[in-house]
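Step one of this worksheet: look at the structure below.
Scope of the values below: all heavy atoms of this structure, side chains included, with no hydrogens, waters or symmetry mates. What you are looking at is a predicted structure, and each value in this text was computed from that prediction instead of being measured. Numbering of ligands and ligand atoms starts at 1, following listing order.
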Amino acid sequence: MAKIIDGKAVAEEMREEMKTQVEELKEKYGLTPGLAVVLVGEDAASQVYVRNKARACDKLGVFSEEYRLPADYQEEKLLELIEKLNQNPKIHGILVQLPLPKQIDEERVLTAIDPAKDVDGFHPVNVGRLMIGKPGFLPCTPHGIQQLLLRSGIEIEGKHVVVVGRSNIVGKPVAMILVQKKTGANATVTICHTRTRDMAYHTRQADILIAAAGRPGTITAEMVKEGVVVIDVGVNRVEDSTAPKGYRLAGDVDFEAVSKKASAISPVPGGVGPMTITMLMHNTIEAAKMSQHIE
Ligand code: NAP
């Protein structure tokens, strides 16, 4: 049976380290990292994410502000708020919870955030910096996947990583992070998507397989080789009449069958999930340090 890649444990370990770091920043420099989270509308999932982010800040001693705005909020006013937050010295990180309501142009809003406060790593400046291997904010889920692998003792260098999915949030950036000429990367990377011919041919080559398709059952046991390391990013609701809510969460990978062939595998929930907010906290602390030129 495969070793379980425990995202909860890795996230906890990182959060302990960050708590100490935040205490040090307060003591030595009088600096409290600050995060502003902006939520427009009443999307239920987004409300849960925003609450969890505020809770994570509290636990680490990071200052946080929440802006809960009505669903009909106008883009112009949102841009004004972002500009105010850009100028606010107590705020080092700004996160606008996606998706935004229809009347608001997502791209315009994301590019209005000062790249030095873009802790989600979605601003084109940070996307570009990732591409050319310069320091910048890395998007939280892909960066969390890299940390999860490294802190679970899995070597990435020289390995063939196959990523299933090419979104701007997960697939493309995780491929770009792992292909960099850097310690903790240096992988050979293949990206698959819905137009890939014979996807199983590619996934069977993977030393490390990262599934980010958002479809349950995308990766079956026949599609992987013995000893593969599997990171399951997918979060899917699957009908289950025995579950109290009538559904359960499942990843993109047939966990039961694939875990019999894999050397290590991340579960859903409890794999990549806990890493995302952890990396948001990491970016917020880094943003605060950068604002004061602290190494
Ligand atoms: P997305 O924007 O829907 O992108 C999915 C990607 O997978 C697309 O590139 C799509 O290809 C590809 N794809 C879909 N079905 C496929 C198939 N059968 N074979 C090959 N490729 C396929 O999704 P996302 O935002 O990247 O998220 C992916 C999953 O990760 C979702 O389940 C999401 O909930 C989860 N997620 C989890 C976290 C976390 O913190 N744990 C964070 C973010 C996302 P095309 O480009 O050709 O359409």
Side-chain angles (χ1 to χ4, degrees), residues 5-12 14-15 37 43-46 48-53 55-56 95-100 106-107 110 119-122 127 130 138-149 152 161-178 189-206 209-220 222-224 230-238 247-255 258 265-283:
I5 297 176
D6 187 345
K8 256 176 141 172
V10 173
E12 195 47 50
M14 290 191 74
R15 289 186 198 198
V37 182
D43 181 70
S46 295
V48 174
Y49 296 145
V50 166
R51 202 178 315 132
N52 289 344
K53 283 164 190 172
R55 247 184 234 156
L95 183 142
V96 177
Q97 188 65 47
L98 302 178
L100 288 167
E106 216 161 85
E107 199 182 329
L110 294 183
V119 285
D120 243 348
F122 294 155
V127 176
L130 164 59
L138 298 178
C140 300
T141 302
H143 193 194
I145 294 168
Q146 183 192 33
Q147 285 299 315
L148 188 56
L149 285 166
S152 304
V161 175
V162 177
V163 180
V164 178
R166 58 173 163 185
S167 74
N168 292 332
I169 294 172
V170 188
K172 275 193 265 181
V174 78
M176 199 46 64
I177 289 171
L178 299 181
V189 180
T190 299
I191 306 177
C192 299
H193 45 77
T194 57
R195 305 290 198 278
T196 298
R197 287 189 198 154
D198 193 2
M199 191 164 76
Y201 165 79
H202 296 284
T203 55
R204 275 197 287 266
Q205 314 292 319
L209 179 63
I210 300 176
R215 308 268 184 286
T218 303
I219 305 296
T220 61
E222 297 71 49
M223 294 170 77
V224 300
V230 179
I231 299 292
D232 194 351
V233 192
V235 181
N236 307 296
R237 281 185 181 187
V238 178
Y247 68 86
R248 64 185 163 82
L249 291 184
D252 290 348
V253 177
D254 178 352
F255 184 88
V258 172
I265 186 166
S266 72
V268 177
V272 175
M275 295 301 293
T276 299
I277 292 186
T278 304
M279 301 322 292
L280 174 68
M281 296 296 109
H282 166 85
N283 280 352

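Closest protein heavy atom to atom 31 (C) of ligand 1: G214 CA, 3.6 Å. In terms of protein heavy-atom proximity, atom 15 (N) of ligand 1 is closest to R215 CG, 3.5 Å. The protein atom (non-hydrogen) at minimum distance from atom 5 (C) of ligand 1 is A213 O, 3.5 Å. Summary of contacts: the protein heavy atom closest to atom 37 (C) of ligand 1 is V233 O, 3.3 Å. Among all protein heavy atoms, the one lying closest to atom 34 (O) of ligand 1 is V235 O, 3.6 Å.
Annotation: D252 places no N or O atom under 3.5 Å from an N or O atom of ligand 1; distance criterion only. Close N/O approach between T276 and ligand 1 is found [any backbone or side-chain N/O within under 3.5 Å]. Below 3.5 Å of separation, one finds no N or O of V170 facing any N or O of ligand 1.
For M275, no heavy-atom contact with ligand 1 is shorter than 4.0 Å. Both the backbone and the side chain of R166 come within 4.0 Å of ligand 1, judged by heavy-atom distances. Looking at T141 against ligand 1, only its side chain comes within 4.0 Å, counting heavy atoms.
For atom 18 (N) of ligand 1, the candidate residues are T218, I219, V272, V174; the nearest heavy-atom contact is made by T218. For the residues G271, A212, S167, the heavy atom positioned nearest atom 2 (O) of ligand 1 is part of S167.
Looking at S167, its side chain does come within 3.5 Å of a backbone N or O of V170 through a donor-acceptor pair. Under the 3.5 Å distance criterion, the side-chain polar atoms of D6 are matched with a main-chain donor or acceptor of K8. In this structure, S152 contributes its side chain and I5 its backbone to no donor-acceptor pair below 3.5 Å. For R204 (side chain) and E222 (main-chain N/O), a donor-acceptor pair under 3.5 Å exists by modelled atom type. Between the D43 side chain and the P99 main chain, no donor and acceptor come within less than 3.5 Å of each other. Judged purely by atom type and a 3.5 angstrom limit, D254 has no side-chain atom pairing as donor or acceptor with the backbone of I219. A side-chain donor-acceptor contact under 3.5 Å links N236 to the backbone of A250.
Of all the heavy atoms in P142 and I169, the pair that sits closest is CG-O, 3.2 Å. Minimum heavy-atom separation, E106 to L100: OE2-N, 3.4 Å.
Considering only residues two or more places apart in sequence or on other chains, R248 meets the salt bridge (charged side-chain N to carboxylate O under 4.0 Å, His left out) condition with D240.
Set against the non-hydrogen atoms of M199, the atoms of ligand 1 under 4.0 Å away are 19 (N), 20 (C). The T194 neighbourhood of ligand 1 comprises atoms 11 (O), 13 (N), 14 (C), 15 (N), 16 (C), 20 (C), 21 (N), 22 (C), 45 (P), 47 (O), 48 (O), with distances under 4.0 Å to a heavy atom of that residue. Near N236, meaning under 4.0 Å from any of its heavy atoms, are these atoms of ligand 1: 32 (O). Per-residue contacts place H193 under 4.0 angstrom from the following atoms of ligand 1 (heavy atoms of the residue considered): 11 (O), 20 (C), 21 (N), 47 (O). Residue G165 has at least one heavy-atom neighbour below 4.0 Å for each of these atoms of ligand 1: 6 (C), 7 (O), 9 (O), 12 (C).
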Check residues 265-272 and write down every donor-acceptor pair under 3.5 Å in which the side-chain atom is one partner and the other belongs to a residue at least two apart or another chain.
unit_1: S266; atom_1: OG; unit_2: D232; atom_2: N; d: 2.9

